[in-house]
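Reading through the C-alpha cells given below for one structure.
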Amino acid sequence: MNSVLDKGIQYLKGVGPAKAAMLSKLGLFSVRDLLEHFPKRYEDGSKWTSIAELQDGLLASFKCRVTGVQEQKPRRGLSILKVAVSDGTGQCFLVWFNQGYRKQAYKVGQTIVVAGKVKRQRFQPEITNPEVEDFEAAEWASVGKIMPVYGMTEPLNQRFFRTLIEQALELFAMLQMQEEALPLAIKEKYDLMDWHTALQQVHFPSSQTELAAARKRLIFEELYWMQCWVLAARTKCRSLPGIKHGPQGALERRVLEALPFALTQDQKQVWQEIRADMEELAAMQRLLQGDVGSGKTVLAALALAKTVENGYQGALMVPTEILAEQHYLTMQELLGRHGVKVALLTGRLKDKEKAALLTAIRQGDIQVTIGTHALIQDGVEFEKLGLAITDEQHRFGVFQRAKLQEKGRLPDMLVMTATPIPRTMALTVYGDLEVSAIRELPPGRKPVKTYVRNRQSREKVYLFIRDQVAKGRQAYVVCPLVEESDKIEAQAAVELHEELSGGYLQGIACGLVHGRLKSSERDVVMDAFYAGEIKVLVSTTVIEVGVNVPNAAVMVIECAERFGLAQLHQLRGRIGRGAHQSYCVLLSEKPSPEGRARLEIMASVADGFLLAEEDLKLRGPGQFFGARQHGLPDLKIADVFRDGEILLEARSAAKSSLEKKTSRERIERVLEARFAGVGDLIFNA
Ligand code: ADP
Ligand code: MG
C-alpha cells in the first residue's frame with residue numbers, strides 16, 4: 001500500500017533530522033507508525049482529584065501549582081530533588097532521586113498536571129518519579145477533555161507528540177475513500193466502530209464511551225488478523241497429506257511393557273490421543289501440557305518408537321545441552337535397549353564427529369536424534385523424518401518449532417511444555433495446535449515442603465543439608481540470578497562454591513556447574529552427580545530444565561527473591577522426583593513487598609496452573625513470559641490476558657471468515673501484506 005500514510009515522518013511539520021532520529025528510536029518512521037502509536041494512558045480532566053484526597057497507594061492525577069523546588073545532597077552520590085506543589089486543598093511533594101537536572105524544569109508559580117502513585121504515611125503525601133506535564137489552559141480548553149498520554153523518551157514531550165498525531169490524523173482524514181480491511185459482515189455482526197472514527201477517537205476521545213468503542217474496534221481487529229493467520233496455518237496443514245502411521249506394533253508394545261511403572265490414567269489418555277493423530281493422514285499438530293515431573297518424556301519415547309517402527313526417523317529438540325544429554329540417556333534406556341539407533345546432536349560435537357553424524361542422519365542410519373538448536377541448522381537433513389518433537393516449547397519461538405517440522409515432508413509434530421499458560425494466551429501462541437494435558441503426577445510423590453528463610457538462618461539451612469547428605473540424600477544449591485551478565489553470574493557461582501566447600505559444607509563432595517563451563521567439564525560434574533559421587537551440586541539456572549536425579553531431595557535457592565515464579569517453579573521441579581520427602585528452602589534478604597508475596601506463594605502453592613494465575617495477578621499480563629520471546633509479532637493495542645473475551649470473539653469471527661471461499665481469498669491477501677516479513681507460521685509445503 002503506497003499512500004500518504006507511508007510517507008516518512010519528516011514529512012510532518014516540526015520534524016527535522018534530529019527529531020526524526022529520536023522518533024526512530026521509538027520505532028516510529030512513517031505517518032502510519034504514528035497513527036498506530038496508541039496512547040499508553042489518558043489524562044481525564046474530569047477525574048482529577050484534589051491533594052487533600054490523596055490516599056496511600058492511589059494512582060492519582062491532579063492539577064496544581066509549584067510552590068518550592070529544593071535539591072538535597074545528604075551524602076556523596078545521592079541527590080534528592082523535591083518539588084513542593086499545592087492546589088489550595090493541601091501540599092504534596094514530588095520526589096526524584098539522582099535526577100538533579102530536572103530542577104531547571106520547575107519554577108515557582110508554574111501550573112502543572114501530575115500523575116503517579118501516592119505514598120502517604122503520617123505527613124504530606126509524596127509521589128516518586130511522577131509524570132508531569134505543563135498545564136496550558138488552551139490545550140485543556142474544556143474541563144473534562146480526555147488527553148492522550150504517549151509512551152516516549154525525553155527530551156520529546158507530550159505536547160510535541162500530540163501535535164504530530166494531530167497532523168497525522170489530518171492526513172488520514174483525507175483518505176476517506178480508503179477501504180476498510182475488516183470484512184463488512186464482521187464489522188456489522190460485532191457492531192464495531194468504523195476504522196476512521198476509531199483511530200480519531202483512540203487518540204483524541206470525545207468521551208469515555210467513544211474511547212471504549214474505539215479501543216474495542218482496534219483490539220478486535222488486531223486479534224482478528226492474528227487469529228486468521230494462526231487458523232489459516234492450521235487449515236493449510238490439515239488439508240495436506242502427511243504421514244499415516246500404522247496401528248500398534250511390536251516395538252511400541254515392547255517399550256510400553258519394559259517401563260518400570262504403569263502409565264497414569266492421564267498418560268494413557270494422552271497416549272491414545274497422540275496415537276490417533278499419528279494414525280491419521282493429516283499431520284499431527286499437538287501440544288502436550290503437563291506440569292514439571294508429570295511424565296511427558298515417556299510419551300515422547302512411545303511416539304518415537306511408533307514412528308521408528310513405521311520406517312521413519314524421529315527428532316526431539318530441547319533448549320539446553322544438559323537437557324539434551326539427559327534425554328539422550330533416557331532414550332537410550334527406553335529405546336536403545338530395543339535396538340533403536342539413538343544419537344545426540346549438539347553444538348559441542350567436533351567437526352569430524354558432526355560430519356559423520358549428519359551423514360548417518362541423512363542416510364537414515366540414525367533413527368532418533370536428540371538435539372539442541374543445532375537440529376534446525378542448515379546442513380541437518382533427514383532421510384525420512386516422520387515425527388518432530390519439541391520439549392520445553394516455552395523456551396522456543398513458534399518459528400523454531402516450524403523450522404524443525406520443515407526438516408521433513410509434513411512430519412507429525414508434538415510440542416511439549418511444562419509452563420501452563422491461560423487459555424486465551426494459548427489460543428494465540430499455540431492457536432494452531434490441538435491440546436492434551438497431564439494433570440496428575442505419578443503416584444507416590446510426596447509434595448515438596450517449601451520454606452522461606454532469611455540470611456540469619458543460613459547456617460541452620462546448610463546444617464540441614466549436611467544432615468540430609470548423612471542420610472544418603474543429595475542436594476542442589478542454586479546461585480543468585482544475575483540477569484544482565486552470565487559472566488558475573490558464573491563468577492558468583494564460583495565464589496559461592498568456594499565459600500560452601502570451605503565452610504558449611506566442608507568435607508562433603510560439592511560440584512559446580514554454570515553457563516561458562518566447557519561442556520566437557522560440565523559433563524564430568526553432572527555424571528558424578530547422577531552417579532551419586534557428588535552430594536551437593538552448586539549451580540546457576542542451567543539446571544532449570546530437565547535434570548532428573550530422584551535421589552536429590554533438597555534445594556536451597558540463594559537470593560530467591562530475584563527469580564520469577566515460573567522460574568522458581570521449574571527449579572523446584574528438580575526435587576520431589578523420588579520416594580523421599582523433599583525440601584525447598586528459599587533464602588532471601590529484605591525482599592520487596594512483591595518479592596515477598598512471590599516467595600509466600602511458592603511456599604503455599606505447588607500446582608503449576610495455580611502458580612501461573614498467581615503470577616499473572618502479581619506481575620500483570622505483559623511480563624508473564626519475561627524476556628523470553630514467544631515468536632509472534634508484537635501486539636500494539638490488544639493484550640491477550642486483559643482482552644480475553646474479545647479474543648474469543650475475534651477467533652470465532654476469523655473462523656467463520658475463513659470458512660467462506662470468497663472471504664478466505666481476500667483474507668489471504670491481507671495476511672500476506674500484514675505479516676510480510678514476519679515469516680510463515682507453517683512452511684511452504
Ligand atoms: P516431565 O513431564 O517434567 O518431563 P519426566 O518425563 O521427566 O517429567 O518424568 C519425571 C519422572 O517421573 C521420571 O523419573 C519418570 O521416569 C517418572 N515417571 C513418569 N511417569 C511415571 C509413572 N506413570 N509412574 C511413576 N513414575 C513415572
Ligand atoms: Mg521434561
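One-based numbering, in listed order, for ligands and for the atoms of each. We use all heavy atoms of the structure for the numbers below, so side chains are in, but hydrogens, waters and symmetry mates are not.
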>> Salt bridge check, E383 against R362: does any charged N sit closer than 4.0 Å to a carboxylate O?
In response: no
> Backbone or side chain, does any N or O of G295 fall under 3.5 Å from an N or O of ligand 1?
Replying inline: yes
> Non-hydrogen atoms of G293 versus ligand 1: any pair closer than 4.0 Å?
Replying inline: yes
>> Considering T417, I438, T297, L259 one by one, which has a heavy atom nearer to atom 7 (O) of ligand 1 than any of the others?
In response: T297
> Contact between S294 and ligand 1, counting heavy atoms under 4.0 Å?
Replying inline: yes
> Can you tell me how far the OH atom of Y462 sits from the CG atom of L587, to the nearest 0.5 Å?
Replying inline: 6.0 Å
> With only distance considered, is A262 within less than 3.5 Å of ligand 1 through an N or O on each side?
Replying inline: yes
>> Show every ring-ring contact (aromatic ring centres under 6.0 Å, His included) that has at least one partner inside residues 276-324, sequence neighbours left out.
In response: H245-Y312
> Hey, is CZ on R596 packed in by over 12 heavy atoms from elsewhere, all under 6.0 Å?
Replying inline: no
>> Contact between ligand 1 and R445 is defined here as a heavy atom of the residue under 4.0 Å from a ligand atom; is it met?
In response: yes
>> Would you call the rings of Y583 and F464 parallel, tilted or perpendicular, taking 30° and 60° as the class edges?
In response: perpendicular
> Which of the numbered atoms in ligand 1 are below 4.0 angstrom from a heavy atom of T264?
Replying inline: 23 (N)
> Under the side chain to side chain contact (heavy atoms under 4.5 Å, CB included) test, which residues partner A356, sequence neighbours left out?
Replying inline: none
> Can you list the ligand 1 atoms lying under 4.0 Å from a non-hydrogen atom of N548?
Replying inline: 13 (C), 14 (O)
> When you check the side-chain N and O atoms of Q285 and Q405, is any donor under 3.5 Å from an acceptor?
Replying inline: yes
>> Need the ligand 1 atom indices (1-based, order shown) with element for anything under 4.0 Å from a heavy-atom of R577.
In response: 3 (O), 7 (O), 10 (C)
> Out of Q289, M416, R574, K296, whose heavy atom sits nearest atom 1 (P) of ligand 1?
Replying inline: K296
> Is the backbone of K306 close enough, under 3.5 Å, to the side chain of E309 for a donor and an acceptor to pair up by distance?
Replying inline: no
>> Once you restrict to heavy atoms under 4.0 Å, what part of Q267 touches ligand 1? Side chain, backbone, both or neither.
In response: side chain
